[in-house]
Colleague: 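I have a structure I would like to understand better, so I am pasting it below and will then ask my questions one at a time.
Computed from a prediction, not measured in an experiment: that's the story for all the values here.
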Amino acid sequence: MFIPNLLSTESGSESIVRARIVIVEDEPDLRDAVAEYLGAAGYDVATAESAAAARSLVETQSFHLAILDIAMPGEDGLSLGRWLRSKLPIGIIYATAAGTALDRIVGLELGADDYIVKPYELREVLARVRSVLRRVPQPKELQDKRAGPDRRSVAFGPFQADLDGRLVTGANGVVIDMAKSEFDVLEIFLTRANRLLSRAAISEAIGFTEDPESSRAVDIRIMRLRKKIEADPANPKFLRTVRGEGYIFSLPAGDGN
């Protein structure tokens, strides 16, 4: 499938971005249906029937988002997702069969941004795609154009979080390697600092429906985030647990925007 240039349409002085999505699914009817539906919604869509075919696509194209079937012949979606993250700053939605909760938890632990359970409705896929794409970093060209005095930035301890550029730096300006799903959680807390947030509130802000698996997904993301911003993750200074209630991000007076 032909995919036009990322910055394909000009509007005034700023380009309009058409998000690129790759669908990796070994069921041809499902693959084609999802591609057609997302294409009609205004996205540039490419498809691949296997992990090997997806790898070939990524060698010559860039994408904002990948929808990956976990259970494929040969290399599975989890392995492909790890490889994609090593190549691109890409959003990942895993598709998994109903009843395979373990796969979904493993996917979230590996940094997935969301998951969908087969059989799914196309409207649900579109909703989740839109939710994840809102959190995917803008291309650098647009970030540079939008940089300015109004850029949102929050300091905490030795860290500086650029909320618009979706970038966290530590001491001496060292960039903190952070998955988009981890940054999503951090942004929720930094924009609601010193406020108690329940798991349900965090799930809603991320775009999850509240259920036991969503609560587990929130806990996993917070655990990963703590490992990157806390000197002692077992005794956090910033992202603290309020037993039986939720979490609170402590931002000392004087820190912030």
Side-chain angles (χ1 to χ4, degrees), residues 78 81-82 84-86 89-94 101-115 131-132 134-137 151-257:
L78 295 174
R82 288 195 299 270
L84 285 172
R85 276 279 163 77
S86 73
I90 190 171
I92 293 178
I93 298 175
Y94 283 120
L102 179 60
D103 281 346
R104 295 197 290 276
I105 295 301
V106 170
L108 290 166
E109 288 175 340
L110 292 174
D113 296 285
D114 207 344
Y115 64 85
S131 176
V132 171
R134 282 195 295 268
R135 311 192 297 263
V136 173
R151 198 174 186 89
R152 297 179 303 153
S153 181
V154 180
F156 57 101
F159 301 99
Q160 187 80 26
D162 178 351
L163 300 184
D164 294 319
R166 296 180 64 84
L167 183 72
V168 179
T169 53
N172 301 317
V174 176
V175 175
I176 307 301
D177 183 19
M178 191 168 292
K180 283 179 287 301
S181 57
E182 295 160 6
F183 192 95
D184 294 341
V185 173
L186 178 62
E187 182 175 16
I188 289 167
F189 281 111
L190 291 180
T191 54
R192 301 165 178 82
N194 301 317
R195 289 168 50 187
L196 176 64
L197 298 179
S198 66
R199 288 179 177 83
I202 299 168
S203 293
E204 182 179 358
I206 293 173
F208 287 164
T209 56
E210 174 60 7
D211 57 37
E213 288 187 6
S214 293
S215 294
R216 171 64 173 153
V218 168
D219 292 339
I220 289 171
R221 293 181 183 200
I222 287 175
M223 176 185 66
R224 294 203 314 259
L225 182 58
R226 280 175 171 161
K227 291 179 179 178
K228 298 184 178 181
I229 65 170
E230 301 284 2
D232 181 3
N235 297 284
K237 171 185 176 183
F238 302 114
L239 215 175
R240 298 185 292 108
T241 301
V242 179
R243 189 174 299 277
E245 298 290 337
Y247 298 95
I248 187 168
F249 195 98
S250 298
L251 195 62
D255 286 357
N257 294 338

Colleague: Supply the atom-to-atom distance Phe189 CZ to Asn194 CG, rounded to the nearest 0.5 angstrom.
Modeller: 12.0 Å
Colleague: Taking side-chain hydrogen bond (donor to acceptor under 3.5 Å, both in side chains) as the test, write out the residues that go with Ser250, two or more places apart.
Modeller: Arg240
Colleague: Taking all non-hydrogen atoms of both residues, which atom of Asp114 and which atom of Arg221 are closest, and how far apart?
Modeller: N-NH2, 4.1 Å
Colleague: Which pair of heavy atoms, one from Phe249 and one from Leu186, lies closest together, and at what distance?
Modeller: CE1-CD1, 4.0 Å
Colleague: Are Leu167 and Val175 packed together at the side-chain level, in the sense that at least one heavy-atom pair is separated by less than 4.5 angstrom?
Modeller: yes
Colleague: Applying side-chain hydrogen bond (donor to acceptor under 3.5 Å, both in side chains), can you list everything that pairs with Asp177, at least two apart in sequence or on another chain?
Modeller: none
Colleague: State, with a plain yes or no, whether a side-chain heavy atom of Glu187 is found less than 4.5 Å away from one of Val154.
Modeller: no
Colleague: To the nearest 0.5 Å, tell me how far Leu197 CG sits from Arg192 CZ.
Modeller: 6.5 Å
Colleague: What are the two closest non-hydrogen atoms of Ala155 and Leu251, and how far apart are they?
Modeller: O-CD1, 3.5 Å
Colleague: Which value, rounded to the nearest 0.5 Å, describes the distance between Asp162 atom CG and Gln160 atom CD?
Modeller: 8.0 Å
Colleague: Report the residues that fulfil side-chain hydrogen bond (donor to acceptor under 3.5 Å, both in side chains) with Lys228, sequence neighbours left out, ordered by chain and then residue number.
Modeller: Glu182
Colleague: Can you name the closest pair of heavy atoms from Ala161 and Val168 and give their distance?
Modeller: CB-CG2, 4.2 Å
Colleague: Please collect all ring pair (Phe, Tyr, Trp, His ring centres under 6.0 Å) contacts where either partner lies in residues 158-181, sequence neighbours excluded, each pair once.
Modeller: Phe156-Phe159
Colleague: List the atom of Asp184, the atom of Asp113, and the distance in Å for their closest heavy-atom pair.
Modeller: OD2-OD1, 4.2 Å
Colleague: Carefully, step by step, assess Ile176 and Ile229 under the rule side chain to side chain contact (heavy atoms under 4.5 Å, CB included).
Modeller: CA-CA 9 Å; Ile176 307 301; Ile229 65 170; 5.5 Å; no
Colleague: Identify, with sequence neighbours excluded, every residue that meets side-chain contact (heavy atoms from CB on, under 4.5 Å) alongside Glu230.
Modeller: Arg226, Pro236, Lys237, Phe238, Leu239
Colleague: For Ser198, what residues pass the side-chain hydrogen bond (donor to acceptor under 3.5 Å, both in side chains) criterion, not counting sequence neighbours?
Modeller: none
Colleague: Which atom names give the shortest non-hydrogen contact between Tyr247 and Asp219, and what distance separates them?
Modeller: OH-OD1, 2.6 Å
